[in-house]
There are 2 protein chains.
Amino acid sequence: MRIDDERAGVATGPVGPSVAAPRGRRGRPAPTSKDVARVAGVSQSTVSYVMSGKRPISERTRRTVLEAIDQLTYEPNAGARALAGHRTNVVGLVVPFHNPETASGLMAFAEEIAVTARGRDYDVLMLTAAEGPAGLARVQRRAMCDAVIVMEITTDDPRAAMARELEMPVIFIGMPGDRAGLHCIDFDFETGAELLVDELADVGCPEIAVLGWSQDRVGLGINYVPRFRTHAQARAADRGIALRWIDAPHTRAGVEGFLDAVLGPDGGPHPGLLTVHSPHDLGAALQQRGLVPGRDLDLVSLCTDVEAEGQPVPPTAVSPQPRDVSRLAMSWLFDLLEGDVPAELRLVDARLTRRGSVRRAG
Amino acid sequence: MRIDDERAGVATGPVGPSVAAPRGRRGRPAPTSKDVARVAGVSQSTVSYVMSGKRPISERTRRTVLEAIDQLTYEPNAGARALAGHRTNVVGLVVPFHNPETASGLMAFAEEIAVTARGRDYDVLMLTAAEGPAGLARVQRRAMCDAVIVMEITTDDPRAAMARELEMPVIFIGMPGDRAGLHCIDFDFETGAELLVDELADVGCPEIAVLGWSQDRVGLGINYVPRFRTHAQARAADRGIALRWIDAPHTRAGVEGFLDAVLGPDGGPHPGLLTVHSPHDLGAALQQRGLVPGRDLDLVSLCTDVEAEGQPVPPTAVSPQPRDVSRLAMSWLFDLLEGDVPAELRLVDARLTRRGSVRRAG
DNA sequence: TTGTACGCGTTATCAT
DNA sequence: ATGATAACGCGTACAA
């Protein structure tokens, strides 16, 4: 089919047969468990028990019922089920939509959560961070989900107090300053920082220059920002090497400014470079200056494996593992839904992946 | 609070008072409309009618009821409401999680949809494209939402047939080859292509080189890819200028290969450049070669305003306007929920924004 | 203008 | 091992 001929107007008129077949009370209504019961020749409660497995059913009736379900393509009405069962089979996910910088990371989180949820017949309600703590209260009072996952926690997050009040399980990805009574899961940024600093220190860098987060991002109060920084600095001090930390925006200009500030004279020694940005811009800027990581200088990065391997010179890096974090959060969430689990902090291990952007001895 | 001292183990133990206060039947259950009725001294149905406005209520009782609602912080139980009212106040959103390239665009779509939904007291159920057509059938049979928005439609999309079967409104962002009976909304990529080609033709470029989508992306069968390409080529032919189209992956190497192939000799004339990628990499590669758009050559781009303005030399561009498309989709969706609206194609206007990356005459 | 009563489709508690 | 039946909380037709 060619589309050329249909672009006459910007708002094209009616197309196809739907004008004649108005949407509405077309087709039959969705089958109910009552229908299944009738077809299978059993009572409605038996259908329910076959589905839930909450009481022994003879193999014969079980098959009959399952066949009827299959034949009618029956699926339980979510509202009715929630009303009677006090369970929605839905998890809320509070998405921090601001900041396009981390969009691909957020998508990784969200996808993993959605897929994991479906794997246990759960669905995901997408909530916006803009609703704040009130949003959490709302979904609980309306009984729209059984639990909530909240991403991008700030040190002074107002949702922490709300989470403590709620009767519904809440899992924080990230952590507020005071996490008493909260279920928090996060990547081990502390160890990550140490691994990266160590990697540069081990090859004899006399100095480390860190390209940190933009001021905007620091201003948000995301908890892992100071966590990473503090530990990087502490480890550098332990190793007896200087560390220069420069926050810069996630732009071409930001990266250039950083390099201008930290690179030594041409031909001279360069400091070890550590970036918490996507290595994309930094890599391009270095290339432009004719500097190749692993040959002319040493570079390590805090970035996902996907980001690292998309680079011309993939950097040695620590990945914050969004997918692992999500999976762990979901499995914890399901445990919480089944029984009581003490509030605690769970950290996902940091690991360094070497990719040859550091000049290793030997 | 310092976190240093708590990193002893990777999985830290219980923290805070929640160990003593197990989650469970704490607090009271959410108030019901019956509770509101009792407090307000009216019948339950009156409460319902006050909320829906579906019958006249005396100002006095209305106030009393609203006060009771406020006092109890009552919110209607979503399951019960859906069961009785045959309406969920939820819209499904099918998110195409694959391809990290367009993550920031997807987030823009999703955020706009979520915010618009909340503006009318709707929520958003996040569905994965991985469920395919069956996912649409599922949410309808379970009565989990009142309508669905599907993004990233391919020319031969299997969800099109399903959408025609469903009783629930479905809005496609993008369009399949045969859109009879479907409600589709999309950006006017055809006009966008023409505007971009014209812009280069108008300043006398003897030739245009297009940096197209990666083969991966082309292979997905996203409908706007051939739409854009066909119209760009046709318009170039109309204008009597040559157009070279080169598909390349969204990487540094892809961009370099493109430039190597199309740029003229040093000092010689360069073709007008048109990129459908984010202009980020192309801009960097040009800069590295000492070429400044608007001074040494002409460059136009198909990218969002945010992407354009994040560049050192913001390119003249046509934005696919993800937010406008989302808003329009939602307003159309609400119309569909209120009554019958004929199936049609709605296109969002293409506009060119000049930013000085093209050497204009005069 | 307001109250009464039934039904929505499940789950879960009684019986048998 | 299975069948009646009572909630669950809200919307709405019917009565008053």
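Just so we're on the same page: letters track the sequence lines, and every chain starts at 1.
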Going by side chain to side chain donor-acceptor pair (under 3.5 Å), name the residues that satisfy it together with [X], two or more places apart in sequence or in a different chain.
{"X": "A:D146", "answer": "A:T88"}
{"X": "A:R38", "answer": "A:D35"}
{"X": "B:Q44", "answer": "B:S33"}
{"X": "A:S43", "answer": "A:S45, A:T46"}

Legend entry - Leading and trailing nucleotides of DNA chain D with any atom under 4.0 Å from heavy atoms of chain B: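 Taking any atom under 4.0 Å from a heavy atom of chain B, the span is D:dG9 to D:dC14.
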Inset, instruction - On DNA chain D, check which nucleotide each of A:E59 and B:A30 is closest to and give me the residue with the more 5' one. - result: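 Of the two residues, A:E59 wins.
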Legend entry - Where DNA chain D forms stems, i.e. three or more consecutive Watson-Crick or G-U pairs with both distances under 3.5 Å: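 If one scans DNA chain D for consecutive Watson-Crick or G-U pairs, the stems found are C:1-16 with D:1-16.
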Result block: side-chain N/O donor-acceptor pairs under 3.5 angstrom for residues 135-145 of chain B, not counting sequence neighbours:
{"from": "B:R138", "atom 1": "NE", "to": "B:E131", "atom 2": "OE1", "distance (Å)": "2.9"}
{"from": "B:R138", "atom 1": "NH1", "to": "A:D123", "atom 2": "OD2", "distance (Å)": "2.9"}
{"from": "B:R138", "atom 1": "NH2", "to": "A:D123", "atom 2": "OD1", "distance (Å)": "2.7"}
{"from": "B:R138", "atom 1": "NH2", "to": "A:D123", "atom 2": "OD2", "distance (Å)": "3.4"}
{"from": "B:R138", "atom 1": "NH2", "to": "B:E131", "atom 2": "OE2", "distance (Å)": "3.1"}
{"from": "B:Q140", "atom 1": "OE1", "to": "B:E167", "atom 2": "N", "distance (Å)": "3.0"}
{"from": "B:Q140", "atom 1": "OE1", "to": "B:M168", "atom 2": "N", "distance (Å)": "3.1"}
{"from": "B:R141", "atom 1": "NE", "to": "A:T73", "atom 2": "O", "distance (Å)": "3.1"}
{"from": "B:R141", "atom 1": "NH2", "to": "A:E75", "atom 2": "OE2", "distance (Å)": "3.0"}
{"from": "B:R142", "atom 1": "NE", "to": "A:E75", "atom 2": "OE1", "distance (Å)": "2.7"}
{"from": "B:R142", "atom 1": "NH1", "to": "A:D121", "atom 2": "OD1", "distance (Å)": "3.0"}
{"from": "B:R142", "atom 1": "NH2", "to": "A:E75", "atom 2": "OE1", "distance (Å)": "3.2"}
{"from": "B:R142", "atom 1": "NH2", "to": "A:D121", "atom 2": "OD1", "distance (Å)": "3.2"}
{"from": "B:R142", "atom 1": "NH2", "to": "A:D121", "atom 2": "OD2", "distance (Å)": "3.4"}

Legend entry - Protein-to-nucleotide contact annotation, 5' to 3' order, nucleotides 10-16 of chain C [B base; S sugar-phosphate only; - none; under 4.0 Å, heavy atom]: BBBBB--
Pairs in or reaching into [range]: which pass ring-ring contact (aromatic ring centres under 6.0 Å, His included), with residues at least two apart or in two chains?
{"range": "residues 110-144 of chain A", "result": "A:Y122-A:F334"}
{"range": "residues 54-80 of chain A", "result": "none"}
{"range": "residues 33-67 of chain A", "result": "none"}

Could you tabulate the donor-acceptor pairs under 3.5 Å formed by side-chain atoms of residues 60-71 of chain A, not counting sequence neighbours?
{"from": "A:T61", "atom 1": "OG1", "to": "A:S58", "atom 2": "O", "distance (Å)": "3.1"}
{"from": "A:T61", "atom 1": "OG1", "to": "A:S58", "atom 2": "OG", "distance (Å)": "3.0"}
{"from": "A:T64", "atom 1": "OG1", "to": "A:R60", "atom 2": "O", "distance (Å)": "2.7"}

Inset, instruction - Output yes when a side-chain donor or acceptor of A:D335 lies under 3.5 Å from a complementary backbone atom of A:W332, and no otherwise. - result: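 Checking the backbone N and O of A:W332 against the side chain of A:D335, no donor-acceptor pair under 3.5 Å is found.
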